[in-house]
Amino acid sequence: QLKLVESGGGMVQPGGSLTLSCKASALNLDHYAIGWFRQAPGKAREGVSCISSSGSGTDYADSVKGRFTISKDNAKTTVYLQMKDLKAEDTAVYSCAAAFTFGTRWTSLSASTFRSWGQGTQVTVSS
């Protein structure tokens, strides 16, 4: 079972930036597409971004396009989510998840397509 551990969450003022990390236990991160999801209190889980196992495909929710950037470092088996110009509505628990796709450009923002999940990290945007 693939293990994922998120880090980098915290509290930031509106307009600020944070970078989240998702460390995977897999030896070959290029076998997995990694997605970032978030869930705010009282709201449904939302797909935020995804990077393909090949690294050549990325996808973003409309609400974060132009502000968030997803990237991966296969050598460190870590996926990053750079978040800029943060807004109060970005406040949520952010979790990463993995889908075994073996070197393809496949991406998805649908949580049901991912099988392994991390515990999540809290991001709070408040003045």
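Values below: every heavy atom of this structure, side chains too, minus hydrogens, waters and symmetry copies.
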Problem - 4.5 Å side-chain heavy-atom contact, Ser54 and Arg105 - result: yes
Practice task
For Thr78 and Lys76, indicate whether the former's side chain and the latter's backbone hold a donor-acceptor pair under 3.5 Å.
Solution key: yes
Exercise for the section: Measure the acute angle between the ring planes of Trp106 and Phe114, then classify it against the limits of 30° and 60° as parallel, tilted or perpendicular. Expected result: tilted
Problem - Side-chain (Thr77) to main-chain (Asn74) donor-acceptor, under 3.5 angstrom - result: no
Completion exercise
Under a side-chain separation threshold of 4.5 Å, the hydrophobic residues clustered together with Val12 are Leu2, Leu4, Leu18, Leu20, Leu29, Tyr32, Ile34, Trp36, Val48, Ile51, Tyr60, Val64, Phe68, Ile70, Val79, Leu81, Met83, Leu86, Tyr94, Phe100, Phe102, Val123, Val125
Fill in the blank from the handout: Residues Gly47 and Ala61: closest non-hydrogen pair is O-CB, 3.3 Å
Problem - Gap separating the OG atom of Ser17 from the CZ atom of Arg67, nearest 0.5 angstrom - result: 10.5 Å
Handout entry: Donor-acceptor contact below 3.5 Å, side chain Ser21 vs main chain Ser7
Key = no
Handout entry: Under 3.5 Å: donor-acceptor pair, side chain of Thr101, backbone of Thr104
Key = no
Problem - Nearest-0.5 Å distance that lies between atom OG in Ser63 and atom CD in Glu46 - result: 4.0 Å
Problem - SB check Asp90 Lys87 (cutoff 4.0 Å) - result: no
Problem - Approximate separation, where rounding is to 0.5 Å, of Arg38 CZ and Thr121 OG1 - result: 14.0 Å
Handout entry: Backbone N/O of Gly120 and side chain of Glu6: donor-acceptor pair under 3.5 Å
Key = yes
Problem - Salt bridge Asp30-Lys72, side-chain N to carboxylate O under 4.0 Å - result: no
Practice task
Might you point out which heavy atoms bring Ala40 and Ala92 nearest each other, and give the distance in Å?
Solution key: N-CB, 3.8 Å
Fill in the blank from the handout: When rounded to the nearest 0.5 Å, the distance separating CZ of Phe37 from SG of Cys50 is 7.0 Å
